[in-house]
Each structure stands twice: as C-alpha cells, then as structure tokens.
Amino acid sequence: MKLIKRIRNKKLYKDNRGSAMIVAIVVSIIVITFTLSLLLVSYSLFVSNQRKVTQSQVKELSKSINIEIGDELTTPRFDDKQALIDGINNVDGADYCSDDYNMWYYIRYNMFQTNWPFYRDETTAGHVKTNAYRYFKINLTGGNTSEYAAIADDISVCMYWECEEFDIKDEALLTVEVTVSKGGQTSTTTSYYELTVNKFSDAASGDMENNTLNEAFNPAGNKIDLTEDWTWTRVN
C-alpha cells in the first residue's frame with residue numbers, strides 16, 4: 001500500500017508540475033501582451049504628439065509668411081510719379097526699390113494686363129481657376145532660413161484677383177493663399193487686399209507709360225500707367 005501511495009503521490013507531483021508550467025506560460029503571455037500594449041499606446045501618443053507639433057509649426061509658418069507678403073504689398077507709399085520710377089529702376093536713395101518689393105511690382109505690372117486674367121467663377125470662359133490662379137514658390141533668404149527649411153517640406157503661394165469691370169481698377173480685390181506642408185500636415189493661410197488707385201499730382205500728359213524688361217517682376221514686358229498711384233489695404 002505504501003508503494004502504491006508513493007507512486008500515486010509522484011504522479012500527482014508530475015501532474016502539478018505540468019500545471020505550474022502552463023500557468024507560467026499563460027502569465028508570461030499576459031505580461032508580454034500587456035507590455036506590447038503599453039508600447040503601442042506609447043507609440044500612438046508619440047505619433048499623435050508629433051502630428052500636433054508639426055501641424056502647429058506649419059500653421060505658424062504659413063501665418064508668418066502671409067504676414068511678410070502682406071507687409072510687402074501694403075508698405076510702398078509713393079509721394080509722386082518720380083518716386084515710383086526711381087523705385088522701379090532701383091535708383092540710389094529710392095524708398096521702395098523693386099529688388100526689395102518684387103511682389104508689389106509683379107502685381108503692379110501684371111494685374112489688368114492680358115497675361116493675367118481676373119477670376120470670375122468656374123463657368124466664365126477665360127476667367128476660371130486655370131486661367132486666373134498664379135502660383136509662386138518661396139525662396140527663403142536671410143533670417144532663419146535653415147529653421148524654416150527644417151519646418152517645411154514645401155511652401156507655395158497662390159494669388160488671384162477679382163474686379164467688377166476690367167477697366168475699373170479701384171477696389172479690385174487680391175487674394176493671397178500661403179500653403180505650408182510638412183510630414184503629411186498642411187496649413188493654408190488666406191488674406192485679402194483691396195486696391196485704391198489715385199493720380200499722382202506730378203503726372204503729365206505724354207509721360208504715362210514705362211516699359212521694363214525686368215523678368216523678376218515683369219516677364220511679359222508689360223507697360224504701366226505711371227500716373228496711377230496704387231495702394232493696397234488688407235481687408236481681413
């Protein structure tokens with residue numbers, strides 16, 4: 001009987017040892033699964049945080065560039081026709097040389113010209129987006145250009161203008177959209193500017209047009225009316 005009892009106890013020991021191993025394996029699987037879950041949650045939080053940081057960066061950068069373009073458009077204030085001519089020709093001492101205000105001069109030389117139609121709607125032939133929208137790439141120079149380059153994979157500017165009648169320049173509306181993209185995140189900042197056109201007091205008959213071939217802002221070689229004093233005002 002003792003032998004039988006000893007054999008039975010040994011068998012139970014072996015059975016218990018097998019059960020303990022199964023329990024250990026199950027516990028290990030649970031611990032591993034929990035650990036992997038924590039890693040997955042941590043990674044998800046990290047990705048989400050990175051996405052928020054990137055979105056915030058591209059949003060701030062699009063706003064900053066939009067403000068810079070707005071400053072370039074609204075700053076020039078010419079006292080007379082000669083001051084405008086001096087600015088176009090980059091004369092020493094000129095207040096608003098074209099090299100520093102290329103965007104302003106580009107609009108001055110290309111709006112109300114045949115090479116840049118105004119936008120009406122998507123049903124008016126010749127005045128839909130494909131005709132009226134102009135796209136620009138920003139070349140970052142000076143300042144924190146390396147910082148901006150690190151923030152953005154792509155920076156682009158879209159502009160288009162609208163008017164009631166082609167021959168009426170006053171109160172024309174210019175739309176500027178700055179788009180910045182980085183790491184799958186995109187932000188666009190839009191601003192609107194209204195044009196006011198007055199006449200220079202020193203403008204004389206027969207001295208109304210100027211032709212420049214400066215490709216930086218006048219690739220089409222357009223002529224402009226030098227008696228007109230253009231001023232842009234941000235309306236939003």
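- Of the listed residues (I88, N222, I224), just one forms a side chain to side chain contact (heavy atoms under 4.5 Å, CB included) with R108, and that residue is I224.
- Listed by chain and number, the residues in a side chain to side chain donor-acceptor pair (under 3.5 Å) with T123 are D121 (sequence neighbours excluded).
- Taken to the nearest 0.5 Å, the CG atom of L73 stands 10.0 Å off from the CH2 atom of W104.
- Applying the ring pair (Phe, Tyr, Trp, His ring centres under 6.0 Å) criterion to Y101, with sequence neighbours excluded, gives Y96.
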Which donor-acceptor pairs under 3.5 Å do the side chains of residues 167-179 make with protein atoms, sequence neighbours left out?
| unit_1 | atom_1 | unit_2 | atom_2 | d |
| --- | --- | --- | --- | --- |
| K169 | NZ | E228 | OE1 | 3.0 |
| K169 | NZ | E228 | OE2 | 3.2 |
| D170 | OD1 | V197 | N | 2.8 |
| T179 | OG1 | T188 | OG1 | 2.9 |

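- Of the possible donor and acceptor atoms, none in the side chain of N66 sits under 3.5 Å from a partner among the backbone N and O of S62.
- For D100, the side-chain contact (heavy atoms from CB on, under 4.5 Å) test picks out C97, with sequence neighbours left out.
- The environment of CD in E164 is sparse: at most 12 heavy-atom neighbours from other residues, nucleotides or ligands sit within 6.0 Å.
- S187 contributes atom OG, which lies 7.5 Å from atom NZ of K63 (distance to the nearest 0.5 angstrom).
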Apply the test side chain to side chain contact (heavy atoms under 4.5 Å, CB included) to residues L84 and F200: give CA-CA distance (whole Å), side-chain angles for both, the deciding distance (0.1 Å), then the verdict. CA-CA 10 Å; L84 173 60; F200 287 122; 4.0 Å; yes
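- For D86, the side-chain contact (heavy atoms from CB on, under 4.5 Å) partners are Q82, V91, A94, not counting sequence neighbours.
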With salt bridge (charged side-chain N to carboxylate O under 4.0 Å, His left out) as the criterion, how do K199 and D225 come out once you've worked through the C-alpha distance, each side chain's angles and the decisive distance to 0.1 Å? CA-CA 10 Å; K199 292 290 183 179; D225 186 344; 3.7 Å; yes
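- A donor-acceptor pair is defined here as one N or O able to donate and one able to accept, closer than 3.5 Å; no such pair exists between the side chain of D229 and the backbone of T196.
- Hydrophobic cluster of Y135: the remaining members, joined at side-chain heavy-atom separations below 4.5 Å, are Y119, Y133, Y160, listed by chain and number.
- E194 contributes no side-chain N or O that, together with a main-chain N or O of T231, makes up a donor-acceptor pair within less than 3.5 Å.
- The structure places CZ of F78 at 12.0 Å from CH2 of W230, a figure rounded to the nearest 0.5 Å.
- Atom CD1 of I65 sits about 12.0 Å away from atom CD of E60, to the nearest 0.5 Å.
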Under the criterion side chain to side chain contact (heavy atoms under 4.5 Å, CB included), I'd like the reasoning laid out for V58 against S181: C-alpha separation, chi angles, the key distance, then a yes or no. CA-CA 6 Å; V58 296; S181 299; over 6 Å; no
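- For the atom pair E72 CD and T74 OG1, the distance stands at 9.5 Å (nearest 0.5 Å).
- Centroid-to-centroid, the aromatic rings of W161 and F118 come within less than 6.0 Å.
- A salt bridge links D154 and K137; the closest N-O separation between the charged side-chain nitrogens and carboxylate oxygens is under 4.0 Å.
- For the pair S98 and F217, the minimum side-chain heavy-atom distance is below 4.5 Å.
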Quick one, C163 with F112, criterion side chain to side chain contact (heavy atoms under 4.5 Å, CB included). Give me CA distance, side-chain angles, the key distance, then yes/no. CA-CA 9 Å; C163 65; F112 292 97; 4.2 Å; yes
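- Here CG of L61 is found 11.0 Å from OG of S56. Values are rounded to the nearest 0.5 Å.
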Would you please test M159 and I107 for side chain to side chain contact (heavy atoms under 4.5 Å, CB included) and show each step? CA-CA 10 Å; M159 292 187 182; I107 293 170; 4.0 Å; yes
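- Looking only at atom types and distance, the side chain of N115 has a donor-acceptor partner in the side chain of N110 under 3.5 Å away.
- Dense packing is recorded around CD of E122, with more than 12 heavy atoms of other residues, nucleotides or ligands lying under 6.0 Å away.
- Put simply, the side chain of T124 never gets that close to the backbone of R120: no donor and acceptor are under 3.5 Å apart.
- Ring geometry for W116 against Y106 counts as tilted: the plane angle lies between 30° and 60°, on a 0 to 90° scale.
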